[in-house]
Undergrad: 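Handing you a structure now.
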4 protein chains.
Amino acid sequence: MAAMAGAMNAGPVTENPRAEAQRERILCAAQQCFIDHGFHAASMASIAETAQMSAGLMYRYFENKNAIVLAIIERQLEEGRAHVARLRSSSDLAADLLGFFERWRARDPGLMNAALFLEMNAEATRDPQIATALRRSDEAMRRDLVAWLSRSSGEGGIGLPREVAVTRAFVLQAFVKGLAVSAVLQAEIDHAALEAAIDAQVQRLLAP
Amino acid sequence: MAAMAGAMNAGPVTENPRAEAQRERILCAAQQCFIDHGFHAASMASIAETAQMSAGLMYRYFENKNAIVLAIIERQLEEGRAHVARLRSSSDLAADLLGFFERWRARDPGLMNAALFLEMNAEATRDPQIATALRRSDEAMRRDLVAWLSRSSGEGGIGLPREVAVTRAFVLQAFVKGLAVSAVLQAEIDHAALEAAIDAQVQRLLAP
Amino acid sequence: MAAMAGAMNAGPVTENPRAEAQRERILCAAQQCFIDHGFHAASMASIAETAQMSAGLMYRYFENKNAIVLAIIERQLEEGRAHVARLRSSSDLAADLLGFFERWRARDPGLMNAALFLEMNAEATRDPQIATALRRSDEAMRRDLVAWLSRSSGEGGIGLPREVAVTRAFVLQAFVKGLAVSAVLQAEIDHAALEAAIDAQVQRLLAP
Amino acid sequence: MAAMAGAMNAGPVTENPRAEAQRERILCAAQQCFIDHGFHAASMASIAETAQMSAGLMYRYFENKNAIVLAIIERQLEEGRAHVARLRSSSDLAADLLGFFERWRARDPGLMNAALFLEMNAEATRDPQIATALRRSDEAMRRDLVAWLSRSSGEGGIGLPREVAVTRAFVLQAFVKGLAVSAVLQAEIDHAALEAAIDAQVQRLLAP
DNA sequence: CATGAATGAGACTTCATTCAT
DNA sequence: CATGAATGAAGTCTCATTCAT
């Protein structure tokens with residue numbers, strides 16, 4: 001079973017390591033360019049230059065510029081989802097929220113980039129493929145959230161009734177997204193006070 | 001104060017009504033195009049067609065495409081700020097939040113468009129002019145919010161201590177922004193339950 | 001009636017003389033380039049240069065390179081058809097055939113170009129739009145031919161029975177096309193002898 | 001004579017059978033691709049894929065794409081010429097012409113392809129190498145034709161005077177080419193009537 | 001004031017060809 | 001002998017912007 005699961009994920013990686021490394025190089029470069037200039041303004045030429053390869057070569061690994069955009073989006077979404085899976089307690093959550101905010105504000109490159117996140121949501125309004133990807137990821141995250149909220153506290157959950165958990169998860173997601181938006185303006189805000197406020201919010205959100 | 005603010009904006013309005021009408025036509029067209037295709041993908045030609053005028057004429061009223069983008073952004077921000085100014089009680093707030101969410105989800109054309117809002121925030125990351133505009137608007141809204149939160153309830157406020165109000169305002173803003181983001185995916189959500197959850201959030205947010 | 005017919009043809013011409021002149025410039029340039037390099041090898045840039053305008057401008061008058069190709073094809077076909085309409089007697093035909101051959105061989109620019117004709121037929125094999133255009137023109141020419149062959153000689157026709165005329169028209173068309181193909185190699189051939197041979201062929205083709 | 005002709009072509013065949021097999025694979029693939037997409041639109045990559053070999057390998061057997069085109073043209077010409085060599089009587093000729101037409105129309109892969117034939121003639125207009133190849137083949141076929149037409153009927157010929165034969169051969173060639181052109185449009189035509197018409201044409205063409 | 005024709009830069013993409021492995 | 005990754009040039013097309021009319 002574990003082997004199978006491994007095989008399922010490893011498939012493309014191990015099948016052709018060289019190709020996968022190239023895809024990786026392209027995606028990293030693309031991510032940088034998209035962050036710097038946006039999906040539309042970033043040119044294939046600039047991505048190629050960042051990836052240190054010819055523009056034509058990228059078409060061996062991606063059908064389209066659009067395919068690259070999609071891949072970047074999927075990637076960022078997966079990364080975001082991984083964070084949710086790690087939640088354990090209410091104090092975790094408050095700390096995480098504050099942590100995310102600070103890292104978004106600092107434009108930590110290891111995290112889902114806030115500007116990219118906003119742009120992909122805006123684009124979802126117009127591109128059905130992106131909308132589908134986003135919706136799927138959004139729902140998956142909400143499912144994880146609901147599972148965590150409705151699990152008993154003995155099992156590392158919060159112990160909310162299921163119906164309540166669904167709406168709370170939605171509100172929580174909205175709050176997280178809002179922190180991402182707020183982070184892009186890099187407003188100066190008192191850290192300790194913010195921590196208290198977020199903490200209070202979270203308390204209420206997780207209360208029965 | 002109100003007079004000053006009015007005077008600052010009124011300049012172009014009273015100077016030349018004809019020109020202002022033209023600007024208005026262009027901005028309406030541009031807003032539609034930007035919503036439909038995004039800031040970059042919308043072409044000057046499509047805006048001109050929507051505005052039923054020649055492409056060249058637009059350059060008589062706006063220096064370039066970027067100036068139109070900026071103007072649209074300022075416009076949307078002003079509109080958003082107007083809503084905040086009307087807040088009076090905590091029940092107002094909860095109802096407003098739910099109302100905004102539903103109208104964003106329905107893509108109500110009379111409201112600040114969610115996709116546009118996301119895109120302008122993303123763009124603020126890259127364009128200092130947009131960043132400044134957004135930051136100014138954001139701070140103004142927060143000031144209004146803080147004023148309302150810290151005014152005594154006898155004067156139609158909430159009566160929070162000033163230091164507390166500042167952070168609460170920030171958190172509240174984040175929550176509103178998050179609702180805008182959440183609205184673009186048009187997820188199905190139980191309306192009554194959401195109302196309850198938002199209400200509870202607001203209660204906490206406004207509690208002493 | 002004449003006025004109507006005039007209006008019908010003049011439509012695009014008189015509607016916007018400037019635009020029509022530009023289209024004409026483009027088409028002339030395109031024809032030259034297509035003759036010189038073929039439909040595929042001729043670049044939009046080379047056409048633009050020949051037409052002495054920027055490449056981008058051509059897209060104001062034609063949606064596509066393909067649209068230009070199509071227009072050129074239709075144009076050549078119309079021109080070809082006009083010749084058939086003028087046939088009156090069997091001596092006309094023999095003289096015309098020889099005349100066509102010589103002009104094809106000399107690459108007379110005022111005539112349907114042989115290389116272009118071959119290429120468009122080859123392309124008809126792959127592009128349904130071109131196939132349709134060619135087929136329509138081919139059939140129209142054959143109808144004209146049949147009409148002429150089956151009209152009584154008193155009315156300037158040949159007086160063949162209708163069923164016979166149909167096949168003869170087909171064979172005659174094939175022969176004409178074959179002369180076009182033969183012309184591209186510019187073989188040296190005794191003119192007088194060729195005239196006699198063509199004459200004999202035509203005699204037989206028009207005999208009862 | 002036959003030995004000499006054989007020797008001229010045999011060079012590469014006997015020198016290295018392996019290499020010749022590879023060339024053959026490439027040429028078959030190229031022919032298919034050229035028929036499907038035309039000389040220009042067919043890519044080396046598609047030819048390589050059809051030939052089930054790497055793109056790079058083809059350059060071991062052909063200097064460049066143009067060399068492949070040339071080889072394909074020579075090949076098709078040889079094939080065409082082989083048919084002429086088999087002519088024996090006037091009834092042969094009429095039957096052959098009809099047969100060719102039907103097979104061209106049906107796009108019989110075993111026969112010189114009509115679209116390819118047209119394209120190579122068009123290209124001969126621009127590429128001197130192709131022109132030379134075509135002219136040589138054309139003349140060779142005409143010589144064969146003249147030989148047959150001027151041979152006495154006792155020796156399986158038609159018995160025309162030589163000067164007459166030259167022109168008749170030219171006209172006959174033109175007619176055959178015309179049938180090839182006509183075949184690409186795949187017009188519906190009454191088979192029996194066409195047979196009669198072709199027969200009559202041929203009668204006249206071979207008459208003294 | 002208004003038009004829309006015109007330009008030129010630049011975007012995406014394809015492809016013949018080469019070369020390290 | 002064979003591969004296929006890599007390149008660079010070239011091709012089609014779009015678009016913000018200008019300017020003669």
Side-chain angles (χ1 to χ4, degrees), chain A residues 16 18-19 21-23 25 37 40-48 51-69, chain B residues 16 18-19 22 37 40-49 51-69, chain C residues 16 18-19 21-23 25 37 40-48 51-69, chain D residues 16 18-19 22 37 40-49 51-69:
Chain A
N16 186 344
R18 168 69 166 156
Q22 290 285 63
R23 283 178 65 94
R25 257 209 8 243
H37 306 108
H40 283 91
S43 72
M44 290 298 276
S46 74
I47 296 173
Q52 287 179 285
M53 60 176 70
S54 73
L57 185 54
M58 295 195 295
Y59 288 84
R60 185 174 280 278
Y61 302 103
F62 293 93
E63 199 189 342
N64 264 348
K65 180 179 175 181
N66 208 52
I68 298 182
V69 170
Chain B
N16 184 345
R18 163 83 164 128
Q22 292 282 60
H37 305 108
H40 283 89
S43 69
M44 291 297 276
S46 74
I47 296 173
E49 194 189 17
Q52 288 178 283
M53 64 174 64
S54 72
L57 187 52
M58 295 195 295
Y59 285 83
R60 203 167 271 283
Y61 301 103
F62 293 94
E63 198 189 342
N64 50 30
K65 185 181 174 181
N66 208 50
I68 298 183
V69 171
Chain C
N16 187 343
R18 168 70 167 154
Q22 290 285 61
R23 284 179 63 94
R25 258 212 5 246
H37 306 108
H40 283 91
S43 71
M44 290 298 277
S46 75
I47 296 174
Q52 286 178 284
M53 62 176 69
S54 72
L57 184 54
M58 296 195 295
Y59 288 86
R60 184 175 280 278
Y61 302 103
F62 293 94
E63 199 188 344
N64 263 349
K65 180 179 175 180
N66 208 52
I68 299 182
V69 170
Chain D
N16 184 344
R18 162 84 164 130
Q22 292 282 60
H37 306 106
H40 283 90
S43 70
M44 291 296 276
S46 74
I47 297 173
E49 195 189 17
Q52 287 178 285
M53 65 175 64
S54 71
L57 187 53
M58 295 196 295
Y59 286 82
R60 204 167 270 283
Y61 301 102
F62 293 93
E63 200 188 340
N64 50 32
K65 186 180 174 182
N66 208 51
I68 299 182
V69 171

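Protein chains get the first letters and strands the later ones, always in sequence-line order, with residue 1 at the start of each.
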Undergrad: With nearest nucleotides of DNA chain F determined for B:Y59 and A:G56 from heavy-atom distances, which residue corresponds to the more 5′ nucleotide?
TA: A:G56
Undergrad: What's the CG-P distance between D:N66 and E:dC15, to the nearest Å?
TA: 17 Å
Undergrad: Tell me which nucleotide among E:dA11, E:dT3, E:dG8 gets nearest to the side chain of C:S54.
TA: E:dG8
Undergrad: Within the 4.0 Å heavy-atom criterion, would you say A:E63 contacts the bases, only the backbone, or no part of the nucleic acid?
TA: nothing
Undergrad: Using a heavy-atom cut-off of 4.0 Å across all strands, would you classify B:F62 as base, sugar-phosphate, or nothing?
TA: nothing
Undergrad: Without decimals, in angstroms, what is the distance between D:H40 NE2 and F:dA10 P?
TA: 15 Å
Undergrad: Closer than 3.5 angstrom, by distance alone: can the side chain of C:K65 be matched with the main-chain N or O of C:S43 as a donor-acceptor pair?
TA: no
Undergrad: Roughly, in whole Å, what's the span from OH in A:Y61 to P in F:dG4?
TA: 12 Å
Undergrad: Name the residue closer to the 5' end of DNA chain E, choosing between A:A41 and B:Q52 according to the nucleotide with the nearest heavy atom.
TA: B:Q52
Undergrad: Side chain of A:S43 only, heavy atoms from C-beta on: which candidate in E:dC12, E:dG4, F:dA16 is closest?
TA: E:dC12
Undergrad: Which distance, rounded to the nearest 0.5 Å, do you find between the CG of A:N64 and the CE of A:M44?
TA: 8.0 Å
Undergrad: Can you find a pair of side-chain heavy atoms, one from A:Q22 and one from A:R60, that are under 4.5 Å apart?
TA: no
Undergrad: Where is the tightest heavy-atom contact between C:Q52 and C:R25, given as atom of each residue plus distance?
TA: O-NH2, 3.1 Å
Undergrad: Can you tell me how far OH of A:Y59 sits from OG of A:S54, rounded to the nearest 0.5 angstrom?
TA: 11.0 Å
Undergrad: Both D:A55 and A:A42 contact DNA chain E. Taking the nearest nucleotide for each, which residue is further toward the 5' end?
TA: A:A42
Undergrad: Nearest to the side chain of C:K65, heavy atoms from C-beta on, is which of E:dA5, F:dC13, F:dC1?
TA: F:dC13
Undergrad: F:dC15 C1' sits how many Å from B:M58 CE, rounded?
TA: 11 Å
Undergrad: I want to confirm an ordering. Mapping A:L57 and C:L57 to their closest nucleotides on DNA chain F, which one lands closer to the 5' end?
TA: A:L57
Undergrad: Work out which heavy atom in D:A42 is nearest to a heavy atom in D:H37; give both atom names and the distance.
TA: N-CB, 3.9 Å
Undergrad: Quick one: are A:Y61 and A:L57 in side-chain contact, heavy atoms under 4.5 Å?
TA: yes
Undergrad: Whenever both distances are under 3.5 Å in a Watson-Crick or G-U wobble pair, mark it; put DNA chain E into dot-bracket that way, with [ ] for crossing pairs and | when the partner is on another strand.
TA: .||||||||||||||||||||
Undergrad: In this structure, how many angstroms lie between the P atom of F:dA9 and the CE atom of D:M44, rounded?
TA: 20 Å
Undergrad: For F:dT12, does either OP1 or OP2 sit under 4.0 Å from a side-chain N or O belonging to C:N64?
TA: no
Undergrad: Nearest to the side chain of A:M53, which nucleotide is it out of E:dT3, E:dT17, F:dT7?
TA: F:dT7
Undergrad: Expressed as a whole number of angstroms, how long is the span from B:R60:CZ to F:dT17:P?
TA: 16 Å
